[in-house]
Participant: 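Take this structure first; my questions come after.
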Amino acid sequence: KLEELAVDLYLKYGVKKVSASAYMSITPALVRYAAKGLHVDQQGNIHRLNYVIAKLSRPEVAKLFMSPPPANILDALVQSKQITSEEAKLATFLPLAEDITVEADSGGHTDNRPLTALFPTILLLSQEITNKNGYQIPIRVGAAGGLGTPSALVAAFNMGAAYVLTGSINQSAVEAGLSQEGKKLLAEVGIADMMMTAAADMFELGVKLQVMKRGTLFGARANKLYDIYSRYNSIEEIPTIEKTKIEEQIFRANLNNIWELTEQFFEQRDSEQIIKAQQNPKHKMALIFRWYLGLSSRWAIQGDTDRKADYQIWCGPAMGSFNQWAANSFLENLSNRTVKQIGLNLLEGAATLFRAQQLREFGLSIPIDAFNFRPRELL
């Protein structure tokens, strides 16, 4: 329902490009957005009005986005008059998304795949599907995950990336919504200061995401809650010693009081969850535990110093490599980490390293220092 309402807003206000991430299957809302406005010019060329940029980490999901939308979804959208029969027909000649961002080991939801293994696999798949379907416009494949230095960008472009996307490092930028306390913690992490922990949005399924480990206990505490959820069928089954420990150390409140707050939240957002919890004690336990997982992100954004040990900050190893690269340069200072300076330095550095490598390939003796581009203030 939320997804359908989001598409309603995109179409109403003319949002022409959206990023679709963490999908495991194609939904009617995605197809409706992509198909709406498809038309043919006088030369017979099909034109899009709306573009989907898919971010994914699995070949089977990439195949879904690289292929035309499923016929059953198109038919249902036509029958419900959400798209026209002409739009549905034109959609069968195009991929659902012409831009595919291959996301390797990254912050948040991730399969922890190395970019050098994942990217070539999906790039080859895009070429095969383009040739098979006879697309007039080749599918563009970009790279993301683990990109925190000019060298990493060069590696991505050398593999054939049409574009690159940064994620973790953006959170330490001046423009980011994360609190200053959270940014200070990010600026201290190394490439190994991350861990996988329970995800709030798919807690019951055991799905994990990558978060910052250094300076916070969130990861360990979230995993502890999932372990308890896996072992017991209700709050009442949890041994008193265990229950008291999580009340005092994690929630800092009685679990009955936490349930009251949880009820108030879902009464406004999704009342069906409360009904389900009343019928299923294990679901009630999951909702209570998700209270902590959900608020931990808000504490990090708001900079709640009393909850600093519980900050949930999604983060991948790119943050650590960026910090090492930025050390002893003007980008080490958080006040200088603007989106502009981060982006320009990465791209300028990548171009410089690429030219140095080209000269080396032509037989010139290039000093190793030429491959050590240092951050500098760029206009």
Side-chain angles (χ1 to χ4, degrees), residues 2-3 6-7 10 15-35 48 50-70 73-74 91 94-133 135 137-148 152-153 155-157 159-171 194 196 199-202 205-211 314-318:
L2 287 172
E3 191 178 7
V7 170
Y10 298 153
V15 176
K16 304 302 182 187
K17 295 181 176 67
V18 300
S19 174
S21 61
Y23 278 82
M24 292 181 285
S25 62
I26 303 303
T27 65
L30 272 174
V31 176
R32 176 163 70 104
Y33 175 80
R48 295 181 186 270
N50 304 315
Y51 292 81
V52 173
I53 303 171
K55 187 167 68 171
L56 44 84
S57 58
R58 297 192 179 190
E60 61 269 25
V61 178
K63 186 176 182 179
L64 296 176
F65 277 97
M66 293 174 181
S67 303
I73 294 181
L74 288 171
L94 300 172
L96 180 63
E98 289 178 2
D99 297 275
I100 305 294
T101 305
V102 178
E103 185 178 32
D105 192 15
S106 65
H109 291 285
T110 178
D111 284 328
N112 304 112
R113 300 287 182 262
L115 188 64
T116 51
L118 182 63
F119 185 87
T121 302
I122 294 182
L123 180 63
L124 179 60
L125 181 63
S126 73
Q127 295 165 349
E128 293 173 348
I129 293 178
T130 295
N131 294 334
K132 176 184 176 181
N133 293 308
Y135 296 146
I137 300 176
I139 296 172
R140 291 174 291 272
V141 182
L147 304 181
L153 266 64
F157 284 127
M159 284 193 293
Y163 59 90
V164 292
L165 177 69
T166 55
S168 295
I169 64 174
N170 302 339
Q171 294 181 105
M194 298 88 205
M196 299 299 293
D201 53 351
M202 294 187 239
L205 298 177
V207 173
K208 293 184 179 293
L209 45 76
Q210 190 160 208
V211 299
W314 293 8
C315 182

Participant: If you look at every heavy atom in A97 and V52, which pair is closest and at what distance?
Facilitator: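 In terms of heavy atoms, the two residues are closest at CB-O, 3.3 Å.
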Participant: So which atom in L74 and which in P69 form the shortest heavy-atom distance, rounded to 0.1 Å?
Facilitator: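 Heavy atoms only, the tightest pair is CD1-O, 3.8 Å.
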Participant: Rounded to the nearest 0.5 Å, how far does CG of L165 lie from CG of L147?
Facilitator: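 It comes to 8.0 Å.
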Participant: Nearest 0.5 angstrom please: E98 CD to T130 OG1, how far?
Facilitator: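 So the CD of E98 and the OG1 of T130 are separated by 9.5 Å.
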Participant: Report yes or no: does Y51 contribute a side-chain atom to a donor-acceptor pair with the main-chain N or O of D99 at less than 3.5 Å?
Facilitator: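 No, the answer is negative, given that no donor and acceptor are paired below the 3.5 Å cut-off.
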Participant: Within the structure provided, determine whether I129 and P95 are in side-chain contact (heavy-atom separation under 4.5 Å).
Facilitator: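 Side chain of I129 against side chain of P95, heavy atoms only: no contact under 4.5 Å found.
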Participant: Can K16 and N50 be said to form a side-chain contact (heavy atoms from CB on, under 4.5 Å), step by step?
Facilitator: CA-CA 5 Å; K16 304 302 182 187; N50 304 315; 4.1 Å; yes
Participant: Answer yes or no: is there a side-chain heavy-atom contact under 4.5 Å between P317 and Q210?
Facilitator: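 The answer is yes, as the side chains (C-beta and beyond) meet within the 4.5 Å cut-off.
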Participant: Enter the distance from D105:CG to S57:OG here, rounded to the nearest 0.5 Å.
Facilitator: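 If we round to the nearest 0.5 Å, D105:CG and S57:OG are 10.5 Å apart.
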Participant: Does the side chain of L64 come within less than 4.5 Å of Y23's, by heavy atoms?
Facilitator: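 Side-chain contact under 4.5 Å: no.
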Participant: Could you tell me the separation between the CG atom of L209 and the CG atom of D201, rounded to the nearest 0.5 Å?
Facilitator: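 Answer rounded to 0.5 Å: 7.0 Å.
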Participant: Show me, pair by pair, the donor-acceptor contacts under 3.5 angstrom made by side chains of residues 113-128, not counting sequence neighbours?
Facilitator:
{"unit_1": "R113", "atom_1": "NH1", "unit_2": "D111", "atom_2": "O", "d": "2.8"}
{"unit_1": "T121", "atom_1": "OG1", "unit_2": "A117", "atom_2": "O", "d": "2.9"}
{"unit_1": "S126", "atom_1": "OG", "unit_2": "L123", "atom_2": "O", "d": "2.6"}

Participant: For H109 versus M202, what's the shortest heavy-atom pair and its separation?
Facilitator: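 Closest approach of H109 to M202: CE1-CE, 4.0 Å.
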Participant: What pair of heavy atoms forms the shortest contact from G146 to A152, and how long is it?
Facilitator: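 Here G146 and A152 meet closest at O-CB, 3.9 Å.
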Participant: Once side chain to side chain donor-acceptor pair (under 3.5 Å) is applied, do any residues pair with T27, and if so which ones, sequence neighbours excluded?
Facilitator: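 Only E3 meet the side chain to side chain donor-acceptor pair (under 3.5 Å) criterion with T27.
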Participant: Minimum heavy-atom separation for E103 to S106, with atom names?
Facilitator: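 Of all heavy-atom pairs spanning E103 and S106, the closest is OE2-OG, 3.1 Å.
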Participant: Whether the side chain of Y10 engages the backbone of K17 through a donor-acceptor N/O pair (distance < 3.5 Å, no angle test) should be reported.
Facilitator: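 Looks like no, no N/O pair under 3.5 Å.
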Participant: Please report the C-alpha distance between F65 and I139 in whole Å, then the side-chain angles of each, then the deciding distance to 0.1 Å, and finally whether the side-chain contact (heavy atoms from CB on, under 4.5 Å) criterion is met.
Facilitator: CA-CA 10 Å; F65 277 97; I139 296 172; over 6 Å; no
Participant: Can you see which heavy atom on L96 is nearest to which on A34, and at what distance?
Facilitator: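 In terms of heavy atoms, the two residues are closest at CD1-CB, 3.6 Å.
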Participant: Where the side chain of S168 meets the backbone of G316, is there a donor-acceptor pair that is under 3.5 Å apart?
Facilitator: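 Yes; judged by distance alone, with no hydrogens or angles, the pair exists.
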Participant: Would the number of heavy atoms belonging to other residues, nucleotides or ligands and lying under 6.0 Å from OH of Y135 be above 12?
Facilitator: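 Atom OH in Y135 is crowded, with more than 12 foreign heavy atoms closer than 6.0 Å.
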Participant: Flag the pair T110 / M196 as yes when at least one side-chain heavy-atom distance between them is below 4.5 Å, and no otherwise.
Facilitator: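 In contact.
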